[in-house]
Asker: 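Below is the structure I would like to discuss, written out as structure tokens.
In this chain, numbering begins with 1 at the start of the sequence shown.
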Amino acid sequence: MERILVSACLMGRRVRYDGGAKTSSDAVLAAWRREGRLVPFCPEVEGGLAVPRPAAEIEGGLGGAAALAGDARVLTADGSDVTARFLAGARAALDAARARGVRLAVLKEGSPSCGALAVYDGTFSGRRVPGRGVTTALLERHGVRVFTEDHLDEAAAYLRTLEP
């Protein structure tokens, strides 16, 4: 059975920067949970960040690939550099995916770790720009296909291609 890495906040775990969750009630996730497919994971917590914690954004809105390459930092609004924690969390997510044979992930959109389509632009103004979070960029670099919580039908279709 294919296992699916999923953002822990989508499963109701209170791991977000503000101490909250973004619990999804989507039927696809609920079915996968019943089937025992889901591997809940929060790269920010696994990278050593506290709950709650200051919000963070990728410098210049450059995205996760730039952070992985050392061309951008992940900063809090007061300028604290939390890049090392985000990189550690991304590596931990990749390790967890490899350990369970994960080829598919459903991650929280907009997050500097988990965003798959957009991230905040680094100005803390609420503006999003196209891009991927640090964890998403690393997972995709290693062959894990990442979907957002808003694209679960596409994720389900992809899952069907992975299983006989």
Side-chain angles (χ1 to χ4, degrees), residues 3-11 13-24 29 38-152 154-155 158:
R3 302 296 301 267
I4 301 164
L5 193 73
V6 62
S7 289
C9 63
L10 295 174
M11 297 287 85
R13 295 190 184 168
R14 299 176 64 82
V15 293
R16 288 177 45 85
Y17 76 95
D18 59 3
K22 285 288 185 176
T23 308
S24 172
L29 275 182
L38 299 180
V39 179
F41 198 88
C42 178
E44 294 175 23
V45 170
E46 293 299 321
L49 293 170
V51 178
R53 58 188 169 274
E57 297 185 7
I58 301 170
E59 186 175 41
L62 295 174
L68 290 170
D71 296 329
R73 298 174 296 166
V74 184
L75 304 172
T76 63
D78 72 1
S80 296
D81 187 341
V82 291
T83 308
R85 300 291 186 192
F86 276 76
L87 295 174
R91 287 190 298 270
L94 180 59
D95 289 346
R98 285 178 167 165
R100 292 165 183 85
V102 167
R103 298 185 285 172
L104 164 63
V106 174
L107 303 181
K108 179 70 187 109
E109 184 54 51
S111 158
S113 289
C114 298
L117 302 173
V119 294
Y120 289 95
D121 70 359
T123 64
F124 294 90
S125 63
R127 195 174 64 176
R128 290 186 189 200
V129 294
R132 291 173 171 70
V134 178
T135 297
T136 296
L138 186 63
L139 290 173
E140 288 184 339
R141 181 179 291 174
H142 290 275
V144 177
R145 182 98 180 263
V146 178
F147 295 86
T148 74
E149 71 276 16
D150 296 323
H151 294 95
L152 289 168
E154 291 95 332
Y158 181 67

Asker: Do you know which two heavy atoms are closest between Ala8 and Val15, and how far apart they sit?
Answerer: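 In this case the closest contact between Ala8 and Val15 is CB-CG2, 4.1 Å.
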
Asker: Considering residues, nucleotides and ligands other than Arg85, do more than 12 of their heavy atoms fall under 6.0 Å from its CZ?
Answerer: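 Atom CZ in Arg85 is not packed in, count stays at 12 or less.
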
Asker: With sequence neighbours excluded, tell me which residues meet salt bridge (charged side-chain N to carboxylate O under 4.0 Å, His left out) with Arg91.
Answerer: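 With sequence neighbours excluded, Arg91 shows a salt bridge (charged side-chain N to carboxylate O under 4.0 Å, His left out) to no residue whatsoever.
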
Asker: Looking at every heavy atom in both Ala105 and Ile4, which two are closest together, and how far apart are they?
Answerer: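 Looking at all heavy atoms of both residues, the closest pair is CA-CG2, 4.3 Å.
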
Asker: Measure the spacing between CZ of Phe41 and CG of Asp95 and express it to the nearest 0.5 Å.
Answerer: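 The distance works out to 8.0 Å.
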
Asker: So do the side chains of Ser111 and Glu44 get within less than 4.5 Å of each other, counting heavy atoms only?
Answerer: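 Sidechains of Glu44 and Ser111: in contact.
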
Asker: Is the side chain of Arg53 donor-acceptor paired with the backbone N or O of Ala50 at a distance under 3.5 Å, no angle test?
Answerer: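 Here the side-chain-to-backbone pair exists.
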
Asker: With rounding to the nearest 0.5 Å, note down the distance linking CG in Leu139 to CZ in Arg98.
Answerer: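 It is 9.5 Å, given to the nearest 0.5 Å.
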
Asker: How would you list, by chain and number, every residue that makes a side chain to side chain donor-acceptor pair (under 3.5 Å) with Thr123, sequence neighbours excluded?
Answerer: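 Checked Thr123 against side chain to side chain donor-acceptor pair (under 3.5 Å); matches are Asp121, Ser125.
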
Asker: Between atom CG of Leu107 and atom CG of Leu5, what is the distance when rounded to the nearest 0.5 Å?
Answerer: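 Those atoms lie 6.0 Å apart.
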
Asker: Indicate yes or no for a side-chain donor-acceptor contact from Ser7 to the backbone of Cys9 under 3.5 Å, with no hydrogens or angles considered.
Answerer: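 It does not hold such a pair.
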
Asker: Hey, what do you get for CD (Glu149) to NZ (Lys22), rounding to the nearest 0.5 Å?
Answerer: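 If we round to the nearest 0.5 Å, Glu149:CD and Lys22:NZ are 9.0 Å apart.
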
Asker: Would you please name every residue forming a side chain to side chain donor-acceptor pair (under 3.5 Å) with Glu109, sequence neighbours left out?
Answerer: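 Partners of Glu109 under the side chain to side chain donor-acceptor pair (under 3.5 Å) test: none.
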
Asker: If every non-hydrogen atom of Ala93 is compared with every non-hydrogen atom of Thr135, which pair is closest and at what distance?
Answerer: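 Between these two residues, the closest heavy atoms are CB-CG2, 3.7 Å.
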
Asker: With rounding to the nearest 0.5 Å, note down the distance linking CG in Leu10 to SG in Cys114.
Answerer: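 Result: 8.0 Å between the selected atoms.
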
Asker: How far apart are the closest heavy atoms of Gly133 and Val119, and which atoms are they?
Answerer: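 That closest heavy-atom pairing would be N-CG1, 3.7 Å.
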
Asker: Compare all side-chain heavy atoms of Pro40 with those of Arg13 and state whether any distance is below 4.5 angstrom.
Answerer: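 Heavy-atom side-chain distance check passes, below 4.5 Å.
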
Asker: Do you know the tightest heavy-atom contact between Leu62 and Ala72?
Answerer: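 Of all heavy-atom pairs spanning Leu62 and Ala72, the closest is CD1-CB, 3.8 Å.
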
Asker: Under the rule for side chain to side chain donor-acceptor pair (under 3.5 Å), what residues qualify as partners of Glu140, not counting sequence neighbours?
Answerer: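 Partners of Glu140 by the side chain to side chain donor-acceptor pair (under 3.5 Å) criterion, ordered by chain and then number, come out as Arg132.
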
Asker: Does anything in residues 113-152 pair up under ring-ring contact (aromatic ring centres under 6.0 Å, His included), and if so which pairs, sequence neighbours excluded?
Answerer: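 The answer is Phe147-Tyr158.
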
Asker: Going by the side-chain contact (heavy atoms from CB on, under 4.5 Å) test, name the single residue among Asp81, Val74, Leu138 that passes it with Phe86.
Answerer: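 Of the listed options, the one satisfying the test is Val74.
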
Asker: What are the two closest non-hydrogen atoms of Pro54 and Thr76, and how far apart are they?
Answerer: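 Residues Pro54 and Thr76, closest heavy atoms: CB-CG2, 3.8 Å.
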
Asker: Nearest 0.5 Å, please: how far is CG in Leu75 from OG1 in Thr83?
Answerer: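 Between atom OG1 of Thr83 and atom CG of Leu75 there are 6.0 Å.
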
Asker: Scan residues 54-72 for pairs that pass side chain to side chain donor-acceptor pair (under 3.5 Å), counting only residues two or more places apart or in two chains.
Answerer: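 Sorted result for residues 54-72: Glu59-Arg73.
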
Asker: Determine whether a donor-acceptor pair (N or O, by modelled atom type, separation under 3.5 Å) exists between the side chain of Ser113 and the backbone of Val134.
Answerer: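 No, Ser113 side chain to Val134 backbone: no donor-acceptor pair under 3.5 Å.
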
